[in-house]
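Remember, it's a predicted structure, so these values are computed and weren't measured experimentally.
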Amino acid sequence: MFDSLISFFIIATLGAFFRWKKLGGISSDVARHVINAIVINFLLPALCFKVIATAPIDKNSVLLPASAIITILLSLLISFAIYTIIEKFTTLNKKEKGALILAASFGNVTFLGLLLLTGLYGQSAAKYVLLYDFLATTPLLWPVGATIASYYGQGQKLTFKESSKIIAELPPVWAFAAGFTANFLGIHLPNFLLKTLDIMSMAIIPLMMFSIGLALSTPKLKHAIIATPAIIIKLCLVPLIAFGTALLLGMGGLALKSTVMEAAMPTMIFTSVISSQYKLDHALSAVIIVLSTIISLITLPLISWLLRGY
């Protein structure tokens with residue numbers, strides 16, 4: 001795992017170098033927009049369809065998303081409670097509080113999770129990564145996460161209908177549904193299509209690691225201090241919640257390990273996008289993403305080691 005994390009940081013460093021030098025006269029924001037558009041509209045749908053269409057569907061395919069939903073909701077409640085207390089004794093403002101609650105609860109479950117879990121447990125773990133994201137994280141991010149962001153920020157409030165439309169318009173969601181349909185109907189995918197989907201999927205991880213590097217910047221001291229509780233919640237408390245929830249639901253083996261490791265992932269990159277859209281403290285979100293990812297170099301191997309007997 002440590003080798004995978006080092007590889008991740010090397011690629012992210014190249015992205016930071018691109019940002020610093022403005023290679024080709026292209027701004028880091030433009031480069032990130034192009035990369036994200038390619039991944040979301042083409043590469044990630046290819047991965048979703050291939051994995052879900054060919055993976056065995058069992059009871060853990062239901063239990064894992066249920067465990068993830070419970071974990072995320074409890075994380076939101078705990079982070080809200082902790083930062084409400086902190087708010088009474090500090091100068092923490094609403095925009096900062098909203099960004100911190102989101103950052104403490106939503107993890108980088110697909111892009112970093114896919115890299116680490118497939119590296120640790122093989123390609124069979126990819127199914128659980130996608131189930132965690134598209135049946136738990138994504139459905140909660142827009143109706144719940146965006147509502148929290150609109151409350152603490154100054155953006156326009158998002159209705160349930162609008163959030164449902166956003167989810168329905170995501171290409172990976174359609175690919176995910178198509179994969180389930182193909183799997184349920186027992187459709188055999190031709191070899192050339194499987195090969196094409198495999199090649200497309202291989203590009204996701206390096207592109208997204210590079211994109212993270214494009215967003216790196218030097219954090220402010222105040223941001224680093226107020227981000228500390230959120231990082232502790234995200235990297236330490238949330239995986240503990242996931243472990244307890246998974247055990248209560250009767251999960252074990254690869255499903256349990258995948259659930260806990262996904263819960264232990266650093267802050268989701270997309271929380272920065274939501275913070276910007278709803279006028280939360282965007283810079284603070286970026287700081288938490290960077291710091292939590294760096295600290296996960298220590299926490300993720302430790303949690304993986306603790307899970308070795310399950």
task: For residues 286-310, pull every pair meeting ring-ring contact (aromatic ring centres under 6.0 Å, His included), keeping only residues two or more places apart or in separate chains.
output: Phe243-Tyr310

message: Per the ring-ring contact (aromatic ring centres under 6.0 Å, His included) rule, what does the pair list look like for residues 116-138, sequence neighbours excluded?
response: Phe134-Phe176

- prompt: Applying the 4.5 Å side-chain criterion to the ILVMFWY set and letting contacts propagate, would Val290 and Ile232 be lumped into a single cluster?
  reply: no

query: What about Phe106 and Ile40, same hydrophobic cluster or not, with Ile/Leu/Val/Met/Phe/Trp/Tyr joined at side-chain heavy-atom distances under 4.5 Å?
result: yes

task: Validate the cation-pi geometry between Lys94 and Tyr151: distance from NZ or CZ to the six-membered ring centre under 6.0 Å, angle to the ring axis within 45°.
output: yes

Check whether any side-chain heavy atom of [X] sits under 4.5 Å from a side-chain heavy atom of [Y], and report yes or no.
{"X": "His223", "Y": "Asp281", "result": "yes"}
{"X": "Ile226", "Y": "Thr90", "result": "no"}
{"X": "Leu235", "Y": "Pro266", "result": "yes"}

message: Quick one, Lys95 with Ser275, criterion side-chain hydrogen bond (donor to acceptor under 3.5 Å, both in side chains). Give me CA distance, side-chain angles, the key distance, then yes/no.
response: CA-CA 9 Å; Lys95 294 182 180 181; Ser275 293; over 6 Å; no

message: What I want to check is whether the side chains of Thr54 and Lys127 have a donor and an acceptor closer together than 3.5 Å.
response: no

Atom pair [atom1]/[atom2] of [X] and [Y] - distance to nearest 0.5 Å:
{"X": "Leu43", "Y": "Leu197", "atom1": "CG", "atom2": "CG", "value": "11.0 Å"}
{"X": "Leu63", "Y": "Leu248", "atom1": "CG", "atom2": "CG", "value": "12.0 Å"}
{"X": "Thr259", "Y": "Ile241", "atom1": "OG1", "atom2": "CD1", "value": "14.0 Å"}

field: Heavy-atom closest pair, residues Leu135 and Pro65
entry: CB-CB, 3.7 Å

query: So does Asn191 have more than 12 non-hydrogen atoms from other groups sitting under 6.0 Å from CG?
result: no

- prompt: Side chain of Lys234, backbone of Pro239: donor and acceptor closer than 3.5 Å?
  reply: no

Side chain to side chain contact (heavy atoms under 4.5 Å, CB included) between Phe17 and Leu23, worked out: CA-CA 9 Å; Phe17 179 77; Leu23 298 178; 4.2 Å; yes

- prompt: After noting the C-alpha distance and the side-chain angles of Met265 and Thr137, does the key distance pass the side chain to side chain contact (heavy atoms under 4.5 Å, CB included) rule?
  reply: CA-CA 12 Å; Met265 291 298 151; Thr137 302; over 6 Å; no

Trace of the side chain to side chain contact (heavy atoms under 4.5 Å, CB included) decision for Ile101 with Leu76: CA-CA 6 Å; Ile101 291 172; Leu76 288 167; 3.9 Å; yes

